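Step one of this worksheet: look at the structure below.
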Amino acid sequence: MSHNSELNSVKTNQPSALEPYNLFTTDPVLKNALRLEGASTRINDLENFGAKVGSVETFEWGHQSNRHSPELVTHDRFGKRVDEVHYHPSYHSLMKLSIESGLHCSHYGSAPGDGGYVARMAKMFMMAQVEVGHGCSISMTGAVLPALRDQPSLASIWEPRIRTNSYDYRLINPAEKSGCLLGMGLTERQGGSDLRANSSTAAPAPEEGEDCYHLTGHKWFTSAPMCDAFLVLANSPRGLSCFLVPRVLSDGTQNSISLMRLKDKLGNRSNASSEIEYNNAKGWIVGEEGRGIPTIIKMVNATRVDCTTWAAALMRQAVAQAGWHVSNRSAFGKTLVDQPLMANVVADLEVEVEAASHMIFRLAGLYERSSLGEQEANLVRIGSAVAKYWLSKRSIAVVSEALECVGGNGYVEESILPRLYREAPLNSIWEGAGNVIALDVLRALNRSPNTMESFLVEISELGNGHPEINKNIEMLKKLPSEQLKEVNARRLVELMAKLWSSALLISRGEQIVADAYISSRLSNDWGNQFGSLPANLALKDIAQRAVPGRT
Ligand SMILES: Cc1cc2nc3c(=O)[nH]c(=O)nc-3n(C[C@H](O)[C@H](O)[C@H](O)COP(=O)(O)OP(=O)(O)OC[C@H]3O[C@@H](n4cnc5c(N)ncnc54)[C@H](O)[C@@H]3O)c2cc1C
């Protein structure tokens with residue numbers, strides 16, 4: 001027997017990889033959350049998707065596409081500018097799977113309330129657990145439509161190019177492609193949160209055709225620069241306006257757009273994020289001139305819900321990995337999950353993830369139905385900001401603690417955890433950083449008090465008269481104006497998030513999970529780190545829920 005095979009036959013106490021596994025059927029919350037938000041008829045399709053996404057092959061695409069980052073090729077060998085980004089084949093495989101599964105646009109074919117958007121979000125949630133970086137262009141491509149429809153002449157050309165399930169990454173005339181991708185360029189060096197600081201200009205160019213402008217300036221961040229077109233903010237004579245800027249023009253020539261650099265990022269490595277310069281690039285106005293921010297915000301609102309879903313997805317995947325590990329590894333004579341303190345840690349993480357999952361699918365349902373009533377619209381306005389702030393922040397802490405549950409292996413690249421860990425802070429930066437989002441909640445509350453009323457109705461209905469919920473509702477009803485000051489914005493949003501989570505768990509979750517969440521997060525019987533739940537809770541049972549397939 002060789003030395004190697006001797007080693008291989010030793011009982012290593014190393015769990016096998018958690019793959020393949022079905023991300024849908026093994027999730028303790030997903031099916032119920034979808035049923036409650038009107039997506040029951042979509043369950044079969046989602047089960048199939050859960051198996052496909054959880055295959056060994058898809059996980060491997062996730063690893064490879066992040067190990068081999070995209071490369072910028074500015075010039076060809078003859079010195080001619082080409083401005084291309086080359087991706088690893090695994091990235092293309094992920095994109096193909098997502099596009100063919102309609103993650104970018106499947107919801108546009110369905111009526112509000114029939115579960116189309118909710119089901120699409122469930123796919124996004126599963127896919128992001130395996131690889132989230134490629135989701136950036138998937139999300140932006142679908143999100144562009146609500147903004148683009150402000151300019152029907154453009155929407156009629158581009159909507160059919162977007163709403164196909166065909167992935168075509170060639171840099172050619174968009175009219176000749178079987179499917180197009182879209183991105184956005186808002187952020188400049190001077191400011192990303194404060195878009196009024198944009199300095200790019202757009203000069204009318206009627207000689208080029210109706211509604212055409214020449215754009216000049218830079219964008220400090222433009223992700224997925226291989227997209228076929230971007231919505232770009234620039235100053236035209238009537239103020240900041242929104243433009244559709246294609247990479248390749250209808251005559252097949254490349255627009256005057258130079259990719260200057262790719263960012264060397266902490267994570268999100270499969271996705272290219274670039275610095276771009278526009279030098280008299282041709283762009284076509286979208287919406288009313290001078291109303292660029294309200295137009296492009298329609299796109300940002302949609303991508304915001306997606307990136308909030310990614311935060312919840314990172315948490316679910318990290319805790320699934322932790323649950324799997326601690327139920328398949330022993331220390332000091334016991335399986336780790338049977339060690340009382342580990343049970344507390346994993347239960348505490350699981351409680352957080354289940355609350356996050358319920359919140360994100362509730363938000364998805366409300367978003368889908370937001371055109372149907374004022375209550376839904378108000379809740380989306382305020383709930384998407386509350387969820388974005390809260391889940392992005394929670395995912396950073398959850399992923400970090402889950403990584404530790406896996407011990408040294410969790411710190412090693414071959415496990416998925418380092419990638420999830422590096423990914424987590426991003427959701428709290430793009431589509432509105434933490435403070436900006438907290439201030440956005442405040443703005444909504446100050447501008448239309450109806451939003452708080454709608455929020456309290458939601459909490460009251462879901463909270464089923466729970467005394468802790470009622471106490472907080474009374475407190476919010478009499479909120480002193482002091483609490484609506486900027487300096488207190490995070491405190492207020494955090495309370496709202498914990499209340500919403502608690503109410504959702506009361507009406508939709510398991511009793512043991514709701515009890516644990518409320519006693520710790522709302523009644524403050526909790527420490528500063530995960531693993532400090534009160535000992536009288538059903539810790540072992542909750543911890544078991546973190547192990548994929550145990551419920
Ligand atoms: C990987 C990645 C990809 C990206 N892709 C794109 C893209 O495709 N297109 C695009 O347009 N942009 C993109 N961005 C840019 C992103 O949207 C911005 O970074 C973000 O909006 C923040 O803007 P900023 O970096 O200019 O930071 P700043 O606006 O300078 O903000 C810095 C900090 O100040 C805080 N802050 C701002 N205003 C206030 C205030 N009034 N009170 C208190 N605190 C405040 C913010 O919360 C933040 O924490 C990307 C960013 C990253 C990291």
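Both counts, for ligands and for their atoms, begin at 1 and track the order of listing. Since the model is a prediction, treat every value here as computed from it, not as a measurement.
- In this structure, Asn378 CG and Thr451 OG1 are separated by 6.0 Å, a value rounded to the nearest 0.5 Å.
- When heavy-atom distances to ligand 1 are checked against a 4.0 Å cut-off, Asn271 has no atom that comes that close, whether in backbone or side chain.
- Among Ser428, Gly185, Ala433, Ala272, the residue whose heavy atom sits closest to atom 48 (C) of ligand 1 is Ala433.
- Listed for the Glu277 side chain is no donor-acceptor partner under 3.5 Å among the backbone atoms of Ser258.
- Contact annotation for atom 26 (O) of ligand 1: protein present (non-hydrogen atoms, distance under 4.0 Å).
- Separation of atoms CG (Leu495) and CE (Met475) is listed at 4.5 Å; rounding is to 0.5 Å.
- Of the polar atoms of Gly432, none of the N or O atoms is found under 3.5 Å from an N or O of ligand 1, judged by distance alone.
- The protein non-hydrogen atom at the shortest distance from atom 11 (O) of ligand 1 is Leu186 N, 2.7 Å.
- The nearest protein heavy atom to atom 51 (C) of ligand 1 is closer than 4.0 Å.
- For ligand 1, the polar-atom distance check against Asn435 finds a nitrogen or oxygen pair separated by under 3.5 Å.
- Residue Thr222 has at least one heavy-atom neighbour below 4.0 Å for each of these atoms of ligand 1: 7 (C), 8 (O).
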- Message: Working note: Glu352 + Arg521, criterion salt bridge (charged side-chain N to carboxylate O under 4.0 Å, His left out); need CA distance, chi angles, decisive distance, verdict.
- Response: CA-CA 10 Å; Glu352 198 71 41; Arg521 276 69 165 169; 2.6 Å; yes
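- An N or O contact shorter than 3.5 Å links Phe221 to ligand 1 by distance.
- Under the 6.0 Å cut-off for aromatic ring centres, Phe361 and Phe125 qualify, their centroids lying closer than that.
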- From CA spacing to verdict: side chain to side chain contact (heavy atoms under 4.5 Å, CB included), Leu456, Leu476: CA-CA 8 Å; Leu456 293 180; Leu476 282 176; 3.9 Å; yes
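- Nearest to atom 9 (N) of ligand 1 among the protein's heavy atoms is Met184 O, 3.0 Å.
- Aromatic ring centres of Tyr278 and His218: separated by at least 6.0 Å.
- For atom 53 (C) of ligand 1, the nearest non-hydrogen atom of the protein is Leu426 CD1, 3.6 Å.
- At least one N or O atom of Thr187 sits closer than 3.5 Å to an N or O atom of ligand 1.
- Summarising the geometry of Ala385 relative to Asp440, their closest heavy-atom pair is CB-OD2, 4.0 Å, with the distance given to 0.1 Å.
- Taking CE of Met496 as the start and CD of Glu458 as the end, the distance is 11.0 Å to the nearest 0.5 Å.
- Residues Tyr411 and Pro418 have side chains not in contact (no heavy-atom distance under 4.5 Å, counting atoms from C-beta outward).
- A salt bridge is absent between Arg419 and Glu413; no separation between the charged side-chain nitrogens and carboxylate oxygens falls under 4.0 Å.
- Taking the six-membered ring for Trp and thresholds of 30 and 60 degrees, Tyr167 and His92 have ring planes inclined between 30 and 60 degrees apart.
- Looking at every heavy atom in both residues, Leu314 comes nearest to Ala128 through CD2-O, 4.4 Å.
- The distance from ligand 1 to the heavy atoms of Lys265 drops below 4.0 Å at these ligand atoms: 1 (C).
- Polar contact check, Ser193 against ligand 1: a nitrogen or oxygen pair lies under 3.5 Å apart.
- Looking at ligand 1, you'll find an N or O of Ser223 within less than 3.5 Å of one of its N or O atoms.
- Atom 38 (N) of ligand 1 has its closest protein heavy atom at Val436 CG2, 3.9 Å.
- Residue contacts with ligand 1, taken as heavy atom pairs separated by less than 4.0 Å, do not involve Lys219 at all.
- Within a 4.0 Å radius of atom 33 (C) of ligand 1, the protein contributes no heavy atom.
- The CD1 atom of Ile382 sits 7.5 Å away from the OG atom of Ser448 when rounded to the nearest 0.5 Å.
- In terms of protein heavy-atom proximity, atom 19 (O) of ligand 1 is nearest to Ile429 CG2, 4.0 Å.
- Closest protein heavy atom to atom 42 (N) of ligand 1: Leu439 CD1, 3.5 Å.
- Among all protein heavy atoms, the one lying closest to atom 23 (O) of ligand 1 is Gly192 CA, 3.3 Å.
- Within the 4.0 Å heavy-atom cutoff, Gly191 counts among the residues contacting ligand 1.
- Interface atoms of ligand 1 facing Ser273, defined by a heavy-atom separation under 4.0 Å, are 1 (C), 3 (C).
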